[in-house]
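Single-structure report; data block below.
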Amino acid sequence: MHRRTTRLSLLSLLTGERSTAPAPALEREWQGQLENLVIRSRRLVAAADTLRHRPSPESVRECQLAWEAARLPWERVEGFLVGELREEEWAERIDGWPILPEEVEAQSRDYRAQRKDGATVQADPWPGPRGFHVLELLLYSVDGHQPALPDRIATALTADPDRPAFLGAVARELREDCEALRRVGLPHEREEAESSRLPGLLLERWAELLEEACFSKVLLPVQRGDPGLLESRWSGSTHRDVEANLEGMARAGRLLVPTVVRPDEGHLVERWEAGMEHCLRIARSLPEFPGTDLASALPTAESLFAAGHRLMELITADLLPRARAAA
């Protein structure tokens with residue numbers, strides 16, 4: 001059996017009788033974000049290597065910025081992880097959420113012990129925590145519970161040379177996973193029957209991602225006043241994560257949604273466009289978390305959830321039935 005890939009499905013989807021014009025643009029969007037992810041993950045490894053050899057507040061901050069830059073294209077491609085890409089758990093490998101600080105510390109101790117014993121480190125894929133959020137904890141925190149300033153992080157890394165080595169190993173593992181994801185995104189063989197299901201799979205995924213972005217990432221921690229529930233709580237980048245999630249759906253949806261509805265149903269396309277723009281506008285007004293009192297962000301968080309919920313209803317009530325009927 002040949003590997004089913006998202007990029008191949010996207011190509012097959014839009015080369016049928018409904019519409020051929022969006023196919024190249026949608027392919028470029030998917031592949032372009034993957035290329036960007038790989039390029040930025042390589043820059044992240046380079047910054048981690050510099051940090052390992054010369055720990056300083058400046059090298060810590062440079063590595064943090066490289067982490068933030070690499071994370072944006074990842075958040076934009078999350079909405080494409082359907083079918084086998086989802087079954088193979090790429091999100092778990094690259095994103096690595098949720099994680100417990102205690103698990104990361106245990107993995108760090110194992111890494112230190114292997115280095116001390118002269119064992120080959122990372123000979124096999126790590127079964128434990130990996131991905132962006134492990135790096136986030138190492139780059140933005142000392143104790144795994146509270147964010148720390150770069151100078152304090154640099155001091156901690158200088159005092160424990162095994163820790164920056166572990167950080168570098170995690171960065172290399174992330175880069176390898178990003179490169180592997182790009183490789184499986186290359187086309188192999190067209191499977192028309194499977195590709196016909198792709199619009200529904202993508203729309204289902206977007207409905208889930210809207211709930212995750214607008215509720216789990218924002219409204220829930222704000223309602224409970226608990227910074228520990230924020231996904232990117234150490235880096236304070238939750239607001240940028242949400243914006244990038246929405247950007248990825250908006251870009252792809254601009255090309256996909258018109259192929260799902262009939263030519264006389266342009267109002268559904270307009271509702272999708274207006275809804276996505278409204279969600280993005282609210283997301284861009286979110287404050288940094290947890291750099292502000294969470295309670296003060298409640299009105300904005302509620303507005304984002306309401307806008308996202310309306311988009312979810314549009315997907316489930318109008319777009320999904322049409323996509324499934326076409327399949």
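The analysis underlying the following values was restricted to heavy atoms, covering all of them including side chains, and did not include hydrogens, waters or symmetry mates. Positions are given from 1 along the sequence. Just so it is clear, the model here is predicted, and its values are computed rather than measured.
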On a heavy-atom basis, which atom in Leu319 and which in Val260 lie closest, and how many Å separate them?
O-CG1, 3.5 Å

Would you say Arg182's side chain and Cys178's backbone share a donor-acceptor pair under 3.5 angstrom?
no

Judged by atom type as modelled, is there a donor-acceptor pair below 3.5 Å linking the side chain of Glu288 to the main-chain atoms of His239?
no

Between Val269 and Trp206, is there a shared hydrophobic cluster once you connect ILVMFWY residues whose side-chain heavy atoms come closer than 4.5 Å?
yes

Backbone of Ala46 reached by a side-chain donor or acceptor of Thr50 within 3.5 Å:
yes

Please test Leu167 against Arg163 for side-chain contact (heavy atoms from CB on, under 4.5 Å), starting from the C-alpha separation and ending with a verdict.
CA-CA 6 Å; Leu167 189 155; Arg163 195 170 183 84; 5.9 Å; no

Just wondering, do Asp95 and Trp74 contact through their side chains at under 4.5 Å, heavy atoms?
yes

Classify the ring geometry between Trp97 and Trp234 as parallel (under 30°), tilted (30 to 60°) or perpendicular (over 60°).
perpendicular

Expected output: side-chain Trp67 to main-chain Phe132 donor-acceptor under 3.5 Å
yes

His309 atom NE2, over 12 foreign heavy atoms within 6.0 Å:
no

Would you check, one step at a time, whether the test side-chain contact (heavy atoms from CB on, under 4.5 Å) holds for Glu302 with Ile282?
CA-CA 10 Å; Glu302 290 177 335; Ile282 299 172; over 6 Å; no

Begin with the C-alpha distance, continue with both residues' side-chain angles, and end with the deciding distance and a verdict on side chain to side chain donor-acceptor pair (under 3.5 Å) for His267 and Glu270.
CA-CA 5 Å; His267 63 284; Glu270 293 175 359; over 6 Å; no

Go through Glu247 and Arg284 one step at a time and tell me if the salt bridge (Lys or Arg N to Asp or Glu O under 4.0 Å) criterion holds.
CA-CA 11 Å; Glu247 285 175 347; Arg284 287 166 181 158; 3.5 Å; yes

Looking at Arg205 and Glu78, would you say the former's side chain and the latter's main chain have a donor-acceptor pair under 3.5 Å?
yes

Give me the ring orientation class for Tyr111 and Phe166: parallel if the planes are under 30° apart, tilted from 30 to 60°, perpendicular past 60°.
tilted

With the threshold set at 4.0 Å, does a side-chain nitrogen-carboxylate oxygen contact exist between Arg86 and Glu92?
no

Examine Val261 and Leu198 and state if one hydrophobic cluster contains both, with Ile, Leu, Val, Met, Phe, Trp and Tyr joined whenever side-chain heavy atoms are less than 4.5 Å apart.
yes

Testing the 3.5 Å rule here: is there a donor-acceptor pair between the side chains of His133 and Arg233?
no

Residues two or more places apart in sequence or in another chain: which of them pass side-chain hydrogen bond (donor to acceptor under 3.5 Å, both in side chains) with Ser237?
Ser235

Derivation and outcome, side-chain contact (heavy atoms from CB on, under 4.5 Å), residues Leu137 and Glu105
CA-CA 10 Å; Leu137 186 151; Glu105 292 305 317; 4.2 Å; yes

Tell me whether Leu139 shares a hydrophobic cluster with Val45, the cluster being built from Ile, Leu, Val, Met, Phe, Trp, Tyr side chains joined at under 4.5 Å.
no

Thr158 side chain to Ala154 main-chain N or O, any donor-acceptor pair under 3.5 Å?
yes

Is there side-chain contact between Val104 and Val170, with at least one heavy-atom pair below 4.5 Å?
no

Point-to-point distance, once rounded to the nearest 0.5 Å, from CE of Met276 to CG of Leu314:
11.0 Å

When hydrophobic residues are tied together by side-chain contacts of less than 4.5 Å, even through go-betweens, does Val134 share a cluster with Leu181?
yes

Heavy-atom closest pair (Ala297 atom, Pro287 atom, distance to 0.1 Å) is CB-CG, 3.9 Å

Salt bridge Arg61-Glu68, side-chain N to carboxylate O under 4.0 Å
yes

Correct closest heavy-atom pair for Ile315 and Leu203 would be CG2-O, 3.5 Å

Minimum heavy-atom distance between Val142 and Ala148, given as atom pair plus value
CG2-CB, 4.0 Å

Before you tell me yes or no, could you show the steps for Glu88 and Arg93 under salt bridge (Lys or Arg N to Asp or Glu O under 4.0 Å), namely the whole-Å CA-CA distance, both residues' side-chain angles and the distance that decides it to 0.1 Å?
CA-CA 9 Å; Glu88 293 167 0; Arg93 291 171 60 176; over 6 Å; no

Per-pair distances, 0.1 Å, donor-acceptor, side chain in residues 217-230, under 3.5 Å, sequence neighbours excluded:
unit_1: Lys217; atom_1: NZ; unit_2: Glu75; atom_2: OE1; d: 3.3
unit_1: Lys217; atom_1: NZ; unit_2: Asn245; atom_2: OD1; d: 2.8
unit_1: Asp226; atom_1: OD1; unit_2: Gly228; atom_2: N; d: 2.9

In terms of hydrophobic clustering (I, L, V, M, F, W, Y; side-chain heavy atoms under 4.5 Å; direct or indirect links), are Tyr140 and Leu72 co-clustered?
no

Minimum heavy-atom distance between Leu34 and Val77, given as atom pair plus value:
N-CG1, 4.4 Å

If you take all heavy atoms of Leu256 and Thr259, which pair is closest and at what distance?
O-OG1, 2.6 Å

Could you check Arg71 against Glu136 for salt bridge (Lys or Arg N to Asp or Glu O under 4.0 Å), going step by step and ending with a plain yes or no?
CA-CA 10 Å; Arg71 188 155 172 78; Glu136 181 194 12; over 6 Å; no

Between Val242 and Leu246, does a side-chain contact (heavy atoms from CB on, under 4.5 Å) hold up when you go through it step by step?
CA-CA 6 Å; Val242 171; Leu246 295 172; 4.1 Å; yes

Might you work through the salt bridge (Lys or Arg N to Asp or Glu O under 4.0 Å) test for Glu243 and Arg76, ending with a clear yes or no?
CA-CA 9 Å; Glu243 182 180 346; Arg76 292 180 185 130; over 6 Å; no

Any side-chain to backbone donor/acceptor pair from Arg43 onto Ala66? Under 3.5 Å, distance only.
no

Can a salt bridge be assigned to the pair Arg324 and Glu204 using a cut-off of 4.0 Å between side-chain N and carboxylate O?
yes

